[in-house]
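This report concerns only the one structure given below.
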Amino acid sequence: MAPSAAASEDRKALVRRMLIDVLMGREDPEGFFAMCVSALGPQETRSQFLALIQPLSTANSSLHSGLTSIYEQYFSKTEDDELQLALALSLLEVKNDQLSTPSQDSPLQPPRDRPNQRSPAQKSTVSQPQGNSNTKPADGVAQPPVLLWFRRDLRLGDNPALIGSLEVGSPVIPVFIWSPEEEEGPGITVAMGGACTYWLHQALSCFSSSLERIGSHLVFLKANGSSLCTLKELVRETGARTVLANALYEPWLKERDDDVESALQKDGVECKMYHSYCLRDPYSVSTEGVGLRGIGSVSHFMNCCRQNPGSALGAPLDPPVSLPTPAYWPQGVSLNVLGLGRMPRRKDGTTIDWAANIRKSWDFSEGGACARLEAFLNDGVYRYEKESGRADAPNTSCLSPYLHFGQLSPRWLLWDAKGACCRPPKFQRKLAWRDLAYWQLTLFPDLPWESLRPPYKALRWSSDRDHLKAWQRGRTGYPLVDAAMRQLWLTGWMNNYMRHVVASFLIAYLYLPWQEGYRWFQDTLVDADVAIDAMMWQNGGMCGLDHWNFVMHPVDAAMTCDPYGSYVRKWCSELAELPDELVHKPWKCPAPMLRRAGLVFGQTYPERIVTDLEERRSRSLQDVALVRKEFGQYVDKRSGCDFVPLPQRLVSEALGLSHRDGGVVTEGQQFLLPVITRMEFKHQLEDPDADAVSNPYNAVLKGYVSRKRDETIAFLNERDFTASVMYEGVQRKERLESDYRRIEGLPGPPAPRGRARRTPTAKDRFSVVPGGAVSSLR
Ligand SMILES: Cc1cc2nc3c(=O)[nH]c(=O)nc-3n(C[C@H](O)[C@H](O)[C@H](O)COP(=O)(O)OP(=O)(O)OC[C@H]3O[C@@H](n4cnc5c(N)ncnc54)[C@H](O)[C@@H]3O)c2cc1C
């Protein structure tokens, strides 16, 4: 028998043995199925599973039908866009040889030691380092050590550079070099804000302990001039011939790494960067075969990945159980000397410990990341699809800081998420958003400070510092906004929905420039990430590639995210005594109620800093119309879409594209591309002075999920807040019920019929992103 056929037979025999465990009740059907996928791989499971469980049809027909429905649920779906993410990103190509058990002296931990046991990924064994993984140098021969340069990959699990260092077969010296100037790059990025720096301090401390547990040690150094100089000194001091690291993708850090690579190589030192920070290397993503229409949207990005698949991502790598140590350790400094966790001091010498709440809120270790992931996959994931906006419930993963600091690899996360029985499509799509952000940053390195749509730079932005301060400190007088900003200040985090609410408030109602919001977030978020934060603030600030087609209302948005006011009560305790129907709009409370609740505006809770919300929205809209008129060369006359000047890399790709992408070349040799543009902006151009309410495409969303739902909520809300909460409650129950049915593989409830949609459709002239006007590049 050919070896591969024999291996296949072995795997099937393994599955048959596992089948007995299910029959005996030692393993549940879900777990059994997961193990099959893991042992056979998706293709073989698809073709063989039903045959393998056939004997059950007589032995235990209910188990047989249960397993059949699990199988069908897993493979049946007319795999919609989201579910194809893995394919698009060319993931999870488990090779047959990865299914063998690691050998006794392998430095990889056996699979049972992996932190999260429940998914198929972790029940499988994973890819072995290639070549020699023996960690001991030959007796008596002093091998030059490997410098393992840690940056934002502070983990043992699924760390390609770490495993790569074992393959060299030499002693390994893990180093961390702190170089804040290099992190910041050329513009105002605030790459390492306060909360983020504090997290880094804690994460380094945890990671250093992890390394010690496997017999190694993390050498901390302050960059001496630059990382390159420090590395060169280390090479001289230790005699290292190899430097390994996992790649970073911020353009300025990539440039630094390229310089390091070539300078070291000139000195005869091998330097290698591994890819693992994103699912796809953003520099390898191309628009070829897809075009530029819809650029900036996650669907467009996923199409690009699908059309131009990169190398297979493979399965996550196990953490090593030991690292070979060098005979000589270079002298480092203590972690505290880096000053990352330093707190300001008062005049009397006492410390201002602003991070106390952050410490209470998070476990900064790699184990903490795994525990969060496991908790999410066991619980929140089931509500994620429809309820991720809830601020009052932990329905999202809260994994962003761990992903940012590489304490969890996106590959590991995706692998486990795909193993969850509901294979959450929306959640998986979020990882594509993350990659999209990095791709955008590589295309537009000034994304963190320069608006991509030129006219919007000229908007009449406000410079009201008091407004800015009130927003930053959660003292705007709008409870929902204040609760979110206080949560951010105290814990370094808020969920995605709340980030939209506070960003909308800053931009559409306070007219403060998006860069202010970006910088504040960079300073206060523990997950502050230049690429994601900049992309999101550009989109919120109306000038990103995929700018938001909505504005969140600071009161009505509570219907979706905090219907009973518990979130507001938690962070704005001075409002705790107000009833549900008024907690989001305390200014509507009658005086006796205020007295009973002990609320005095301007004293116990701030007055609203702006009250004329509708008027402010109208002005914001009129201002946009004004600059779009003034900078008419950046507006496509035919479609009303904004033009964005494309960077050189996309222009080169566009040159190979056909006309349908609608590129226009201007005098200055700019390649201008029409991009997705908010419909209310297009309409406003026709009547620039009209107010926001009369604009049929008014973008203010009351909730976030659908405009139809918003309209109903807004209608009820105007009359009776409680009725509106009840309405929302019923809707929510229906949605959860249908989710439950989907997860359990039950047929869905009959679809509601005859729902009118006011959301414009593809036929609507304003919803079309053009594909026509073209001229060639000169
Ligand atoms: C104005 C604004 C600023 C933001 N700034 C940041 C930031 O600095 N750092 C950051 O990590 N996220 C940022 N986000 C995106 C998003 O809000 C957070 O990633 C998310 O709230 C983190 O919580 P979670 O891990 O529970 O997310 P989940 O919903 O559980 O998502 C899982 C992971 O997917 C990624 N992700 C989720 N949403 C997005 C998104 N919209 N774009 C890109 N990746 C996403 C994150 O890595 C996240 O951890 C911002 C969003 C807005 C609206």
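All values below come from the heavy atoms of this structure, side chains included, with hydrogens, waters and symmetry mates left out. Quantities reported herein were computed from a predicted structural model and do not represent experimental measurements. For ligands, and for the atoms within them, numbers begin at 1 and follow the listed sequence.
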For atom 13 (C) of ligand 1, the closest protein heavy atom turns out to be Arg499 NH1, 3.2 Å
Contact with ligand 1 for Gly540, non-hydrogen, under 4.0 angstrom: no
With heavy atoms and a 4.0 Å threshold, my read on which part of Phe376 contacts ligand 1 is neither
ask   = Within 45° of the ring axis of Tyr277 and under 6.0 Å from its six-membered ring centre, is that where the NZ or CZ of Arg152 lies?
value = yes
Ligand 1 to Phe521, heavy atom cutoff 4.0 Å, flagged ligand atoms 1 (C), 2 (C), 3 (C)
His275 side chain to Cys278 backbone, donor-acceptor under 3.5 Å | yes
Salt bridge (Lys or Arg N to Asp or Glu O under 4.0 Å) pairs touching residues 441-455, sequence neighbours excluded, are Glu450-Lys457, Arg453-Asp642
If you scan protein heavy atoms around atom 5 (N) of ligand 1, the nearest is Asp533 OD1, 2.8 Å
*asked:* I'd like to know if Ala528 contacts ligand 1, where contact means a heavy-atom distance under 4.0 Å to any ligand atom.
replied: yes
For Phe427, the ligand 1 atoms with a heavy-atom partner under 4.0 Å come out as 30 (O), 31 (O), 32 (C)
Looking only at protein heavy atoms, what sits closest to atom 9 (N) of ligand 1 is Asp527 O, 2.9 Å
In short, Arg155 meets Glu366 closest at the heavy-atom pair CA-OE1, 3.3 Å
### Query
Looking at Arg569 and Asp392, does any basic side-chain N land under 4.0 Å from a carboxylate oxygen?
no
Ligand 1 to Cys398, heavy atom cutoff 4.0 Å, flagged ligand atoms 24 (P), 25 (O), 26 (O)
| query | Strictly under 4.0 Å, does any heavy atom of Trp493 approach an atom of ligand 1? | reply | yes
Note: ligand 1 atoms sitting under 4.0 Å from heavy atoms of Asn495 are 21 (O)
Ranked by distance from atom 28 (P) of ligand 1, the top protein heavy atom is Tyr384 OH, 3.5 Å
Among non-hydrogen protein atoms, atom 47 (O) of ligand 1 lies closest to Leu403 CD1, 3.3 Å
### Query
When the ring centroid of Tyr511 is compared with that of His467, is the distance short of 6.0 Å?
no
Between Asp546 and Ser297: side-chain donor-acceptor atoms closer than 3.5 Å: no
Ring pair (Phe, Tyr, Trp, His ring centres under 6.0 Å) filter on Tyr198, not counting sequence neighbours, yields Trp354
Exercise. Relative to the ring of Trp548, is the ring of Phe550 parallel (under 30°), tilted (30 to 60°) or perpendicular (over 60°)?
Worked result: parallel
Atoms of ligand 1 under 4.0 Å from any heavy atom of Trp433, numbered from 1 in the order shown, are 40 (C), 42 (N), 43 (C), 44 (N)
Numbered in order shown, the ligand 1 atoms found under 4.0 Å of a heavy atom of Ser397 are 24 (P), 25 (O), 26 (O), 28 (P), 30 (O), 32 (C)
closest protein heavy atom to atom 43 (C) of ligand 1 is Ile532 CG2, 3.3 Å
All heavy atoms of His553 vs all of Val700, minimum pair found to be CB-CG1, 3.8 Å
Residue, atom and distance of the protein heavy atom nearest atom 22 (C) of ligand 1 read Ser400 OG, 3.2 Å
Among Thr524, Asn496, Thr396, closest by heavy atom to atom 15 (C) of ligand 1 is Asn496
Among non-hydrogen protein atoms, atom 37 (C) of ligand 1 lies closest to Lys430 CD, 3.6 Å
Between His547 and Phe681, does the ring centre distance come in under 6.0 Å? yes
Lys/Arg cation over aromatic Trp439: Arg280, 6.0 Å, 45° cone: no
So, does His500 sit close enough to ligand 1 that a heavy atom of it is under 4.0 Å from the ligand? yes
Within 4.0 Å of some non-hydrogen atom of Trp537, the atoms of ligand 1 are 1 (C), 3 (C)
- Do the rings of Trp520 and Trp489 sit parallel, tilted or perpendicular, given the 30° and 60° boundaries? parallel
